[in-house]
Protein chains: 2
Amino acid sequence: MSQQRHESTPGNPGAAAAFPDLPEATIARLPEYLRALHNLEGSDTISSEALAAAAGVNSAKLRKDLSHLGSYGTRGVGYDVALLIEQIEYILGLDQRRAVCLVGVGNLGHALAGYDGFASRGFRIVALFDADPARIGEQISGLTVRHIDDLARVAAEESIAIGVIATPAGAAQAVADQLVTAGVTSILNFAPCVLSVPAGVDVRKVDLAIELQILSFHEHRKASLTALPGGRAPTGNQEAVGS
Amino acid sequence: MSQQRHESTPGNPGAAAAFPDLPEATIARLPEYLRALHNLEGSDTISSEALAAAAGVNSAKLRKDLSHLGSYGTRGVGYDVALLIEQIEYILGLDQRRAVCLVGVGNLGHALAGYDGFASRGFRIVALFDADPARIGEQISGLTVRHIDDLARVAAEESIAIGVIATPAGAAQAVADQLVTAGVTSILNFAPCVLSVPAGVDVRKVDLAIELQILSFHEHRKASLTALPGGRAPTGNQEAVGS
DNA sequence: CGCGATTTGTGCACGCCTTCACAAGCGCCT
DNA sequence: AGGCGCTTGTGAAGGCGTGCACAAATCGCG
């Protein structure tokens, strides 16, 4: 897919030693490994074959990914589950339980605010914002919706570095600008539009409709293949987003 | 990230002519081009440079992508907006307004059921299912929540080929099995787990927490770089999921 | 009609990622 | 202590995707 880094990655040998720059593809898989590992707690060690199966990837790929983190496996035995969890969580910075704010408590934002998958995997949603005066003050999952103009103040107080945009597309760029001004340096964008941000700010985009459209393409292709003389039903895919 | 096709792609020259097999990376970008094009309706033609900017990609990449569909541009002029929209929608199979069902109307499923981005981009959510008896009969966005056991019957009646799973992880595999049995051949999975499906069924996964974890990694990296002597603030990323 | 400006379509080279295959290392059992 | 089986870690090859740079083609204008 289409992950890319526009990073210049300047030569920085000191930093490289302290913080190995992992391939982007590897980083995208680490959370998957972590989830699989958490399901395996109780086991002491696990082989690359078993962990790869649990994470839905090739075992060679898994070993290469983990080798980039250092050697946390024992030949003939496997990987130490607890140690590996600790290492991956450290690399991903999850041990800090980062503060996250969410802007836009409409249909989707409402659900995200209550999504317990964030809390259970290393994040704290600490503030909700919206521009609609009618929504200010509303209580959602123990948080009070605040006005977007309070963003800068609250972000500073709570040391918020990550922001989630769940507004309509039309408002997203303005919100992104406000987030950047407030010191946020990572943005997860659910609005279907391209955001323009200064260097040093990371943006990841999730577009729910795009995923369906990709599936629709494969449906269309499957249908046109089976409809043709000599056409064969294709074998299945298992794809993951994010990467 | 980690998009991959486990497709065997058998030699099928007849089908290849009728339905060119596009690179997976290209397919993942087509929806993005389509969205940008819809924002440009009113213009007659558009250059690859302008469209690429609107879609957030490189212009050479855009031209190469579109060239895979055939020649719908005119040198010296640009691409015909209306024609390109029509072509991309055809390739993606969106002109059929595919029926989609959603299983799991909890926190996230509720939001997805009401998400208008699906309807506005070529899909019809025609049925909602849940296993919880307390939820059966509930009205959401004009649809009635039905029991999961009705899935096979409804799927056949409505010709549903795409299913969305928004259940807890523990229930996802069982739901996937039921979807497959009901004839669904494409699944969009929001549950944080790996699904096992037979050949011929496509699965795409969206894990909201994973996206945050990837951002967290970059935050961690940025922090460790700036803290080091000689460390430099890195330049910004703009990444897209999906592909 | 011819020329220049503009934009598409693409050959090519480079780099990243994946996958295979195997050497190196570890533990257990005798 | 030695050997055997198992698993990790990695070298190398191949494939895919990206982006540059340019040739080919079209339009408009004089």
Side-chain angles (χ1 to χ4, degrees), chain A residues 1-9 20-30 32-33 43-81 83-84 87 237-240 242-243, chain B residues 1-9 20-30 32-33 43-81 83-84 87 237-240 242-243:
Chain A
M1 213 115 211
S2 60
Q3 302 290 22
Q4 54 198 113
R5 295 187 55 185
H6 303 160
E7 190 97 3
S8 49
T9 312
D21 53 354
L22 308 169
E24 196 67 26
T26 295
I27 297 160
R29 283 188 294 266
L30 288 183
E32 199 70 45
Y33 302 155
S43 305
D44 210 20
T45 63
I46 187 169
S47 71
S48 65
E49 199 74 40
L51 182 54
V57 302
N58 185 296
S59 69
K61 198 189 300 190
L62 176 108
R63 287 198 298 276
K64 186 149 287 187
D65 283 342
L66 295 187
S67 76
H68 287 131
L69 312 184
S71 280
Y72 298 108
T74 306
R75 297 175 193 228
V77 178
Y79 295 92
D80 182 295
V81 173
L83 180 60
L84 203 50
Q87 279 302 316
N237 289 351
Q238 174 107 10
E239 317 196 2
S243 64
Chain B
M1 127 175 193
S2 66
Q3 300 290 21
Q4 55 197 111
R5 295 185 56 185
H6 303 160
E7 189 97 3
S8 49
T9 313
D21 54 355
L22 309 170
E24 196 66 28
T26 295
I27 296 161
R29 282 187 293 265
L30 288 182
E32 200 71 45
Y33 302 154
S43 304
D44 209 21
T45 63
I46 186 168
S47 72
S48 65
E49 199 74 41
L51 182 54
V57 302
N58 184 296
S59 69
K61 198 188 301 190
L62 175 105
R63 288 197 299 275
K64 186 152 289 187
D65 284 342
L66 294 187
S67 75
H68 287 131
L69 311 185
S71 280
Y72 297 108
T74 306
R75 299 177 191 225
V77 178
Y79 296 93
D80 182 295
V81 173
L83 179 60
L84 203 49
Q87 278 303 317
N237 289 352
Q238 174 107 8
E239 316 198 1
S243 342

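Per chain, numbering begins at 1; letters A, B, ... match sequence-line order.
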Item to check | A/Ser48 side-chain N/O to D/dT7 phosphate OP1/OP2 under 4.0 Å | outcome: no
Checklist entry - Rounded to the Å, how far apart are A/Arg29 CZ and C/dT18 C1'? => result 8 Å
Next on the checklist: One character per nucleotide, please: for nucleotides 25-30 of chain C, 5' to 3', B when the base has a protein heavy atom closer than 4.0 Å, S when only the sugar-phosphate does, - otherwise.
Outcome noted: BBS---
Item to check | Among D/dT8, D/dT18, C/dT8, the nucleotide that comes nearest once only the side chain of B/Ala25 is considered | outcome: D/dT18
Checklist outcome for this item: Whole-Å distance, B/Asp80 CG to C/dT7 C1', equals 15 Å
Next on the checklist: Heavy atoms only, 4.0 Å cut-off, all strands: where does B/Thr26 land among base, sugar-phosphate and nothing?
Outcome noted: nothing
Checklist entry - Just how far, in rounded Å, is P of D/dG9 from NZ of A/Lys61? => result 18 Å
Checklist entry - If you take all heavy atoms of A/Tyr79 and A/Arg63, which pair is closest and at what distance? => result OH-CG, 3.7 Å
Checklist entry - Mapping A/Tyr72 and B/Lys64 to their closest nucleotides on DNA chain D, which lands nearer the 5' end? => result A/Tyr72
Checklist entry - Rounded to whole angstrom units, what separation is found between the CZ atom of A/Arg63 and the C1' atom of C/dA21? => result 10 Å
Next on the checklist: Could you tell me if the side chain of B/Arg29 sits less than 4.5 Å from the side chain of B/Val57, heavy atoms only?
Outcome noted: yes
Item to check | Nucleotide D/dC6, atom C1' - distance to CD of A/Glu49 in whole Å | outcome: 12 Å
Next on the checklist: Give me the atom names and distance for the closest heavy-atom approach of B/Leu22 to B/Ile27.
Outcome noted: O-CD1, 3.6 Å
Checklist outcome for this item: A/Leu62 CG to C/dC20 P, in whole Å, measures 14 Å
Item to check | Protein-nucleotide distance (B/Leu69, atom CG; C/dG9, atom P), rounded to Å | outcome: 10 Å
Between the protein and nucleotides 14-16 of chain D, which nitrogen or oxygen pairs are less than 3.5 angstrom apart?
none

Just distance, no hydrogens or angles: give the donor-acceptor pairs under 3.5 Å from side chains in residues 66-74 of chain B, sequence neighbours left out.
residue, atom, partner, partner atom, Å
B/Ser67, OG, B/Lys64, O, 2.7
B/His68, ND1, B/Lys64, O, 3.2
B/Tyr72, OH, B/Gln87, OE1, 3.0

Checklist outcome for this item: Closest non-hydrogen contact found for A/Ser48 with A/Ser59 is O-CB, 4.0 Å
Checklist outcome for this item: From CG of A/Asp65 across to P of C/dT18 the rounded distance in Å is 7 Å
